[in-house]
Amino acid sequence: MIIGVIVWIFVVNRHRIELTVRIIGVASNALSRNLGLFGVLPALTIGLFVYYVPIVVFLIFANLNGKIVPREENGEHFCVWKQDRWVPAYYALVILTMLWSAAAMVEAQVYVISGTIARWYFSKDDAGPKHGIRNSLRNAFGASFGTICFSGLLIGVVRILRAMVDNARREDASGIVNLILRCFVNTFLSAIDFLNKFTINFAAITGEAYCSAARMTYELLRRNLLSAVFVEAVSTRILAGITLVLSAIYAIVVCVILKAGIHLGNDSYFVALMAWVLLIIVLGFFVHVLDNVIDTVYVCYAVDRDRGEVYKQDVHEVYVHLPISRSHRAGFVARTPLVV
């Protein structure tokens, strides 16, 4: 029955899946022209950990600030360590700073991906311009660094609030006030996610500030009857499903080889588990990069369509089949496609 349901889902969504596969193919072609991203993005992550090193050292030394004080409990006298009053506040500030830095680094990676792919898209040469990654890095940590930090701040706040809401849901907090508050917070968080969907991509392409980029992105997609949630469906889910299936098959093959060929015994299960986790991390990184490339190419296509130009013919041949925005579907008047 489960297999039948899965097959039925694939049959019903066959056209959407075919379109998604073509979109992934276009994004893969764009990524193949900018393979240097696979070296820059891990370097940025390593740079974040290097940035964390002195912060952790300061945390350790901050814990040493205090004095030994006497304490009496149940008639017994003993000494305890009492931290200075500023230490807990410093811990809270540092933890928030680390969360903000991590979110900002994620947005910086998205900015670098978007800027590099956009330079390739809007260049006449299919190989892309030289020093595209270098220019994107210069803009990310230069003129647009405030935009990245503000975007990271919003993402960090959203994640903290979402974690608090999920924690309250797990604790099964009852009451009409809690229910209304959760609905309000979920609506607010969904609105922020919707607003931030393509904002950093558009900012990397145009160099606009965050607020103006969010407004211009919404107007750009609305003018061209494009949905800001077209990848709601299938691209991310297909890529995640492929990652899980490949990693599971790889782990099973590793386990079989270790048990049958090398006779490793029960240790083969541990090695297979480690292989599964490692492959999940590697493929997850590839999926993260490819997902951002898909979003960037989509925004570039929208800019192209808005200007009435065609920089990448193969992209238009695929993206022209995207469904129009649901909010404009009822009032849509048929017009000649940009690419025939």
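Worth saying up front: this structure is predicted, and the values here are computed from it rather than measured. Numbers here are sequence positions counted from 1.
- Checking side-chain atoms of Trp81 against main-chain N and O of Leu64 turns up no donor-acceptor pair under 3.5 Å.
- Partner Trp120 forms a side chain to side chain contact (heavy atoms under 4.5 Å, CB included) with one of Leu31, Asn34, Thr296 and no other, that one being Asn34.
- The 12-atom threshold is exceeded at OH of Tyr90, counting heavy atoms of other residues, nucleotides or ligands nearer than 6.0 Å.
- Phe49 CZ: 12 or fewer foreign heavy atoms inside a 6.0 Å radius.
- The side-chain heavy atoms of Tyr111 and Asn139, taken from C-beta on, include a pair separated by under 4.5 Å.
- Within the 4.5 Å cutoff, no side-chain heavy atoms of Val315 are placed close to those of Asn29.
- No donor-acceptor pair under 3.5 Å is formed between the side chain of Thr243 and the backbone N or O of Gly284.
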- Message: Could you go through Lys67 and Val69, starting from their C-alpha distance and side-chain angles, then the distance that decides it, and tell me whether this counts as side-chain contact (heavy atoms from CB on, under 4.5 Å)?
- Response: CA-CA 6 Å; Lys67 59 183 178 179; Val69 296; 4.0 Å; yes
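- Taking each heavy atom of Gly156 and Ala103 in turn, the nearest pair found is N-CB, 4.1 Å.
- Looking at every heavy atom in both residues, Val254 comes nearest to Ala272 through CG1-CA, 4.2 Å.
- Atom SG of Cys255 and atom OH of Tyr250 lie 12.5 Å apart (nearest 0.5 Å).
- The aromatic rings of Tyr298 and Phe198 are tilted relative to each other, their planes meeting at an angle between 30° and 60°.
- Counting heavy atoms of neighbouring residues, nucleotides and ligands inside a 6.0 Å radius, atom CZ of Phe141 exceeds 12 of them.
- Closest approach of Arg305 to His316, counting heavy atoms only: N-CE1, 4.4 Å.
- Looking at Thr45 and Met105, their side chains never come closer than 4.5 Å, going by heavy atoms from C-beta outward.
- With contacts defined as side-chain heavy-atom distances shorter than 4.5 Å, the pair Lys82/Val80 does not qualify.
- Hydrophobic clustering (side-chain heavy atoms under 4.5 Å, transitive across Ile, Leu, Val, Met, Phe, Trp, Tyr) keeps Leu96 apart from Val106.
- Closest non-hydrogen pair, Asn201 versus Ser114, comes out as ND2-OG, 2.6 Å.
- Taken from CD1 in Ile200 to OG1 in Thr217, the straight-line distance is 10.0 Å, to the nearest 0.5 Å.
- Side chains of Leu273 and Tyr269 form no contact here, defined as non-hydrogen atoms less than 4.5 Å apart.
- In the displayed structure, Phe270 atom CZ is contacted under 6.0 Å by at most 12 heavy atoms of other residues, nucleotides or ligands.
- For Ile68, the CD1 atom counts as loosely surrounded, since its 6.0 Å shell holds 12 or fewer non-hydrogen atoms of other residues, nucleotides or ligands.
- Contact record, Leu279 with Ser247: CD2-CA, 3.5 Å, taken as the closest heavy-atom pair.
- Shortest non-hydrogen contact noted between Met98 and Tyr52 is O-OH, 2.6 Å.
- In this structure, the side chains of Leu59 and Asn63 stay at 4.5 Å or more apart for every pair of heavy atoms.
- Separation of atoms CG (Asn292) and NE2 (His288) is listed at 4.5 Å; rounding is to 0.5 Å.
- By the 4.5 Å heavy-atom criterion applied to side chains, Tyr210 and Leu154 are counted as neighbours.
- The shortest side-chain heavy-atom distance between Tyr91 and Val94 does not fall under the 4.5 Å cut-off.
- Hydrophobic clustering keeps Leu244 apart from Ile249 (ILVMFWY residues linked when any side-chain heavy atoms are closer than 4.5 Å, directly or through intermediates).
- Formation of a donor-acceptor pair under 3.5 Å by the Glu107 side chain with backbone atoms of Gly152 is not found in this model.
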- Would you sort out whether Tyr121 and Asp304 count as a side chain to side chain donor-acceptor pair (under 3.5 Å), showing the intermediate values? CA-CA 10 Å; Tyr121 184 95; Asp304 237 7; 2.9 Å; yes
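- The distance from the CG atom of Leu35 to the CD1 atom of Ile133 is 8.5 Å, given to the nearest 0.5 Å.
- Distance check, rounded to the nearest 0.5 Å: OG of Ser136 to CD1 of Ile205 gives 10.5 Å.
- By the rule that hydrophobic residues join a cluster once side-chain heavy atoms approach within less than 4.5 Å of another member, Leu48 and Val110 end up as members of separate clusters.
- Taken from OG in Ser123 to OH in Tyr311, the straight-line distance is 9.5 Å, to the nearest 0.5 Å.
- No single ILVMFWY cluster, assembled from side-chain heavy atoms under 4.5 Å apart, contains both Leu153 and Ile148.
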- Please test Val40 against Leu137 for side-chain contact (heavy atoms from CB on, under 4.5 Å), starting from the C-alpha separation and ending with a verdict. CA-CA 9 Å; Val40 172; Leu137 286 171; 3.9 Å; yes
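- Heavy atoms from other residues, nucleotides or ligands lying under 6.0 Å from CZ of Phe285 number more than 12.
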- Item | Pair Arg119-Asn135, side-chain contact (heavy atoms from CB on, under 4.5 Å): steps then yes or no | CA-CA 10 Å; Arg119 282 177 171 80; Asn135 293 331; 3.7 Å; yes
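- No side-chain donor-acceptor contact under 3.5 Å links Ser151 to the backbone of Thr147.
- Cluster annotation: Ile113 and Tyr301 are assigned to the same hydrophobic cluster (Ile/Leu/Val/Met/Phe/Trp/Tyr, side-chain heavy-atom contacts under 4.5 Å, transitive).
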